[in-house]
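Okay, structure first, notes after.
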Amino acid sequence: MDGESERKIILSGIQPTSTFTLGNYIGAMKNWKKLQDENDCYYFLADLHTLTIRLEPKELRAKTAENFALLIACGLAPEKSLIFIQSQVPTHAEAGWILQCYTQFGELSRMTQFKDKSKQHPENINAGLFAYPSLMAADILLYQADYVPTGEDQKQHIEIARDIAQRFNGLYGEVFKIPAPYISKQGARIMSLADPARKMSKSDLHPRGPVLLLDKPEIIMRKFKSAKTDSGTEVVYGEGKDGINNLMTIYSCVTNRSFEEIEREFSGQGYGAFKKAVGEAVIEELRPIREEHERLMKDKIYLESCFRQGAEKAFAISRRTLTKMKKKLGLLM
Ligand code: AQP
């Protein structure tokens with residue numbers, strides 16, 4: 001996007017499956033916040049996508065409310081960005097069904113996320129899990145998004161959304177803008193502290209794998225102090241040092257220091273001192289978010305007015321594209 005002055009439409013979503021992690025924050029929300037002054041930004045909680053796994057209804061309701069407040073606490077301002085909850089905007093499910101009919105079985109079968117989640121939940125490999133990318137394509141294409149800022153893991157889904165859009169446009173004329181992924185160079189893939197070979201995930205059940213945005217300072221510090229690293233001592237970025245590389249990435253994203261600066265800063269100090277410093281930097285980064293979240297959760301009326309207004313605006317915008325799709329397809333209006 002560098003060098004272009006014109007306002008772009010930016011859209012991205014996040015599932016409220018569990019409390020957001022530091023990975024979600026660095027890979028998604030921190031960048032979303034930066035984009036909102038100079039673009040038209042639409043951000044949403046992808047709660048329909050969470051139905052592909054089994055959650056307790058009570059838990060989903062609570063996590064949706066908690067995470068909606070968390071988006072605002074992370075700096076997404078309802079007066080700057082359109083923030084909404086996917087299931088409150090019926091155009092998504094409708095367009096999702098239509099686009100499923102323009103998505104091929106073969107391309108869905110190749111999706112890494114489908115393969116991973118099928119392994120994680122072998123007892124529940126449902127059609128929604130398989131068709132997930134079609135709904136995600138609808139989420140994006142309904143708003144004529146130019147860019148979709150995400151972590152590295154979602155790139156494949158954006159590529160399929162582009163393919164679906166091109167296929168549909170090829171058959172019916174220019175209905176959709178072709179979106180592009182927007183993946184920041186650093187922090188696109190934060191790894192689990194317990195197993196740096198795996199992505200940090202909010203649904204990871206390992207007690208020390210993910211750092212949650214609402215974790216108390218002492219818990220955050222404990223997680224960093226016990227972060228898995230190799231048997232070396234020098235804080236240097238390099239091959240075979242997944243744990244240290246991950247901690248350096250986190251520290252760099254939070255403090256805006258380069259790897260060279262970090263290596264210099266911790267030269268001769270060993271892993272212990274470095275882990276403590278990363279923990280402290282993360283605690284300070286998350287402190288205002290946790291405090292703002294606590295304040296917002298007490299103001300239910302404000303939160304409800306935000307998501308109701310968000311849904312209304314999102315419906316008005318997305319309905320234009322859906323109407324166009326239906327007309328092109330010959331559905332009687
Ligand atoms: N570890 C990560 N590093 C960088 N970015 C990440 N994202 C997720 N994990 C990391 C980015 O966060 C946004 C929202 O993700 P999502 O809710 O769609 O689900 P996800 O990618 O499947 O994230 P999780 O935390 O792993 O969720 P669960 O456990 O529910 O499956 C996306 O932009 C994603 O790239």
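Counting starts at 1 for both ligands and their atoms, in listed order.
- Under the side chain to side chain contact (heavy atoms under 4.5 Å, CB included) criterion, Gln36 pairs with Lys33, Cys41, Leu76, Ala77, Lys80, Ser81, not counting sequence neighbours.
- Taking a heavy-atom cut-off of under 4.0 Å, ligand 1 is surrounded by Gly13, Ile14, Gln15, Thr17, Gly23, Asn24, Gly27, Ala28, Lys117, Thr150, Gly151, Asp153, Gln154, Gly187, Ala188, Arg189, Ile190, Lys199, Met200, Ser201, Lys202, Ser203.
- With salt bridges taken as basic N to acidic carboxylate O contacts below 4.0 Å, one links Glu280 and Lys276.
- Phe274 and Phe266 have perpendicular rings, their planes meeting at more than 60° on a 0 to 90° scale where under 30° would count as parallel.
- Ring pair Phe307/Phe68 is perpendicular by interplanar angle, where above 60° counts as perpendicular and below 30° as parallel.
- Residues satisfying the side chain to side chain contact (heavy atoms under 4.5 Å, CB included) criterion with Pro288, sequence neighbours excluded, are absent altogether.
- By the side chain to side chain contact (heavy atoms under 4.5 Å, CB included) test, Ala95 pairs with Ala138, Leu142, Leu322, Met325, sequence neighbours left out.
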